[in-house]
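For reference, the structure is listed below as structure tokens.
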Amino acid sequence: MKSTDLLNVIKSRRSTRSYTEKQVSVEDLKQILEAASYAPSGMNYQTWHFTAIQNQEALKVLNDVIKKAFAKSHDKHLQDRGNNENYCCYYHAPTLIIVSNEATQWWASMDCACAIENMFLMATSLGISSCWINQLGTTCDDEEVRDYIASLGIPSNHKVYGCVALGYGNTTVVVKDKVLKDNVITIIS
Ligand SMILES: Cc1cc2nc3c(=O)[nH]c(=O)nc-3n(C[C@H](O)[C@H](O)[C@H](O)COP(=O)(O)O)c2cc1C
């Protein structure tokens with residue numbers, strides 16, 4: 001592959017917050033998960049776990065327990081989200097991958113971020129839209145949320161570091177051009 005092809009994939013990945021109902025195929029999902037598995041990890045521990053949910057009822061229950069946790073929060077903004085019947089933290093994407101890891105090493109979150117970016121890039125190369133979803137990261141230790149994610153097979157000693165929404169973006173929604181900040185690169189030669 002040419003380096004320009006890779007740069008084009010990197011540049012064309014954008015966070016998508018509106019999805020059609022079209023499901024991601026199992027073949028594509030497997031490639032995306034394979035890309036996650038090849039990410040670097042501190043000490044090559046690979047202690048992460050990727051839980052891919054394509055069942056719409058399971059996704060709805062997950063959103064409901066997250067909202068219940070938000071509703072209990074002291075933060076007014078989160079309370080409002082928790083009590084808003086239209087709030088869907090994963091933007092109704094048809095597939096959500098939960099990325100969890102043992103919290104025993106301080107770099108656990110970084111391992112997960114590497115795996116998540118690999119998934120974003122593989123998805124982009126397959127014409128699949130994506131978005132990082134953080135809401136389970138902050139609520140995974142709420143009792144009801146923990147019970148539910150345990151029922152999905154997420155190990156009890158894992159924290160959730162992020163989720164990946166996947167699907168086909170609604171083409172009617174205009175995505176703003178990406179504006180890069182200045183002065184973020186220094187080259188010392
Ligand atoms: C650590 C992290 C957490 C994020 N959490 C969310 C989230 O919970 N919901 C969301 O819509 N976007 C989330 N994003 C996406 C960012 O808002 C997005 O990457 C940023 O606005 C730049 O836009 P782009 O991804 O289209 O380049 C997150 C991104 C990162 C890296």
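Read the numbers this way: they start at 1 and go in the same order the structure lists the ligands and their atoms. We use all heavy atoms of the structure for the numbers below, so side chains are in, but hydrogens, waters and symmetry mates are not.
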Legend entry - side chain to side chain donor-acceptor pair (under 3.5 Å) partners for Asn118, two or more places apart: none
Legend entry - Any donor-acceptor N/O pair, Asp75 side chain to His77 backbone, under 3.5 Å: yes
Legend entry - Set of salt bridge (charged side-chain N to carboxylate O under 4.0 Å, His left out) partners for Lys176, sequence neighbours left out: none
Legend entry - Fellow cluster residues of Val99, listed by chain then number, with links counted only when side-chain atoms sit under 4.5 Å apart: Val24, Leu29, Ile32, Leu33, Trp48, Phe50, Ile97, Ile116, Met119, Phe120, Met122, Leu126, Ile128, Trp132, Val164, Leu166, Tyr168
Inset, instruction - Could you tell me whether Asp64 and Lys68 have a side-chain N and a carboxylate O separated by less than 4.0 Å? - result: no
Legend entry - Within the 4.0 Å heavy-atom sphere of ligand 1, strictly under, residues: Arg13, Arg14, Ser15, Arg17, Tyr91, Cys131, Trp132, Ile133, Asn134, Gln135, Lys178
Legend entry - OG1-CG distance between Thr47 and Asn101, expressed to the nearest 0.5 angstrom: 3.5 Å
